[in-house]
Protein chains: 2
Amino acid sequence: MAPDAQISRLRPGRRTDIRRENERTILDAAEKVFAEAGFGGATMQLIADMAGLPKANLHYYFATKEDLYRKVVQQIFEIWLDAAACFDNAPGPVEGIGAYVDAKMDISRTYPHGSKVWASEVMHGAPVIQDYLETTLRDWTEGRIAVIQRWIDEGKMAPVDPRHLLYLLWATTQHYADFGHQIQTLNNGQPLSDRHWAEAKASVKMIVLRGIGAI
Amino acid sequence: MAPDAQISRLRPGRRTDIRRENERTILDAAEKVFAEAGFGGATMQLIADMAGLPKANLHYYFATKEDLYRKVVQQIFEIWLDAAACFDNAPGPVEGIGAYVDAKMDISRTYPHGSKVWASEVMHGAPVIQDYLETTLRDWTEGRIAVIQRWIDEGKMAPVDPRHLLYLLWATTQHYADFGHQIQTLNNGQPLSDRHWAEAKASVKMIVLRGIGAI
DNA sequence: CTTCACTTTGACCATACGGTCAGGAAATGA
DNA sequence: TCATTTCCTGACCGTATGGTCAAAGTGAAG
């Protein structure tokens, strides 16, 4: 899992490298375990085994289980926010929403664990990231609603409630990560292929863009 | 849900009543706690407190935590399947999918805990209900895909991939339960009102039905 | 070499958890 | 009334978990 092939940095601080690499290894293992078992079901021992480190070593880098979990969730939120930038600078809904669907579907495929941790966190009442929901997410949402409303006013799409449109986009794109196991089961137990993912993206975009009268 | 039409025994059976009522109380409490804390985060003591019963009493009615959890999940799956019948006997997508969205949105509002437990179970790899996914759910899905394909062949809607259409419907309708906390936060901390729910239903139906070329 | 900050880890601890059980209470039937 | 079945529950148990700690290891700077 974690080969020691990272000899890249000789000079620039071996110490710093060790810390960064171990934190990365632990965070990756934690993300996977939290996603598969939930916060309550995850144990520090499981994460340690997954990371290939003694449990006591985890506590050297992350004081508590909650602390480790918080870092995992923050990391996911940042990825999510970065991708959400696709929305901006788009001339209309076809480009903006199309790119947003593509980006979110790619995230669902690339970071399925992260998406599940996020979903689990929100489902349990967002005990850790409630402040993010009330500040960053709320601001982002309001901004995007304004953009969509502008497109409506400019006649570029039908007068759909922007809020519920966003919920539909979030729900649908994240479904491919959060319910990936169900989808795989309904796909004869096989993971979706590149073609399947392309078809999924195309289907979602087609339904949504036609649904909002953009095409 | 289940009226006391069970006149099978001589008397209405006080004993039977006690058992049924307590099982009901425990199942309701368990559903709520499992939804809020996840399987791993839920404790028998928490469920007992929520039910207002001593912990040992739970184990009198349900042998193990896993057993109790299994019953909760089965219960949810039955509700879900019952509502899925709306799809049948519909002359076309407008009626069939419209009724299905209405039914699933109602379930999301009425049984938000159940929806969360289901989502959590699937996200964690469906350790308990994998057989349901492979039999009942798969069969139901195939049947509905056939119905949608027939509507397409009859020219009642655009040629959309039925599978991804179903995923979009599941994702969007369940999102209002599973991510209810996020939605409430973005609604200034207030739960959605009757009007909000009506608007949500209308928005989803509008986007989907227009998106598949049914209207 | 010595020092010193950083890192590693086995052993350990207090707690909380799922589950058990014995014995009493309450309902039912004879 | 008594006998029997079902229901209730405080007290208890073995285990696993999150977290601690002291001692040892490591490597770079002086």
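In the text below, chain A, chain B and the rest are named by the order of the sequence lines, each starting its count at 1. Atoms considered below: every heavy atom in the structure, side chains included; atoms not considered: hydrogens, waters and symmetry mates. If you're wondering where the values come from, they're calculated on a predicted model, not measured in any experiment.
Contacts between residues 59-72 of chain A and DNA chain C, defined by a heavy-atom separation under 4.0 Å, are made by Y60(A), Y61(A). DNA chain C lies under 4.0 Å from at least one heavy atom of each of the following residues of residues 24-45 of chain B: A42(B), T43(B), M44(B).
When rounded to the nearest whole Å, the span between CG of L58(B) and C1' of dG10(D) equals 15 Å. To the nearest angstrom, C1' of dC7(D) lies 7 Å from CG of N57(B). If you take CZ of R19(B) and P of dT5(D), they are 15 Å apart, rounded to a whole angstrom. Rounded to whole angstrom, the span from the CG atom of L53(B) across to the P atom of dC7(D) amounts to 13 Å. Straight-line distance from the CG atom of L46(A) to the C1' atom of dG18(D): 13 Å, rounded to whole Å. For the pair R20(A) CZ and dC6(C) C1', the interatomic distance rounds to 16 Å; values are reported in whole Å. Whole-Å rounding puts the E21(B) CD to dT6(D) P distance at 18 Å. When the P atom of dT20(D) is taken as reference, atom NZ of K55(A) falls 11 Å away, rounded to whole Å.
Distance alone, capped at 3.5 Å, is enough to place a donor-acceptor pair between the R138(A) side chain and the T185(B) backbone. Counting only distance, with no hydrogens or angles, the side chain of H181(B) and the backbone of G125(A) share a donor-acceptor pair below 3.5 Å. Put simply, the side chain of Q174(B) never gets that close to the backbone of S115(B): no donor and acceptor are under 3.5 Å apart. Between the S120(A) side chain and the G38(A) main chain, no donor and acceptor come within less than 3.5 Å of each other.
For A56(A), whose side chain is taken as the heavy atoms from C-beta onward, the closest listed nucleotide among dT20(D), dT8(C), dT9(D) is dT20(D).
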Quiz item: Where do D49(B) and K55(B) land on the salt bridge (Lys or Arg N to Asp or Glu O under 4.0 Å) test, with the steps shown first?
Solution: CA-CA 8 Å; D49(B) 292 346; K55(B) 190 185 69 160; over 6 Å; no
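More than 12 heavy atoms of other residues, nucleotides or ligands sit less than 6.0 Å from atom OH of Y69(A). When the shell of 6.0 Å around CE of M206(B) is examined, it contains 12 or fewer heavy atoms from other residues, nucleotides or ligands.
Aromatic pair W80(B)/W140(B): centroids less than 6.0 angstrom apart.
Side-chain contact, T172(B) with H175(B): no donor N or O sits under 3.5 Å from an acceptor N or O.
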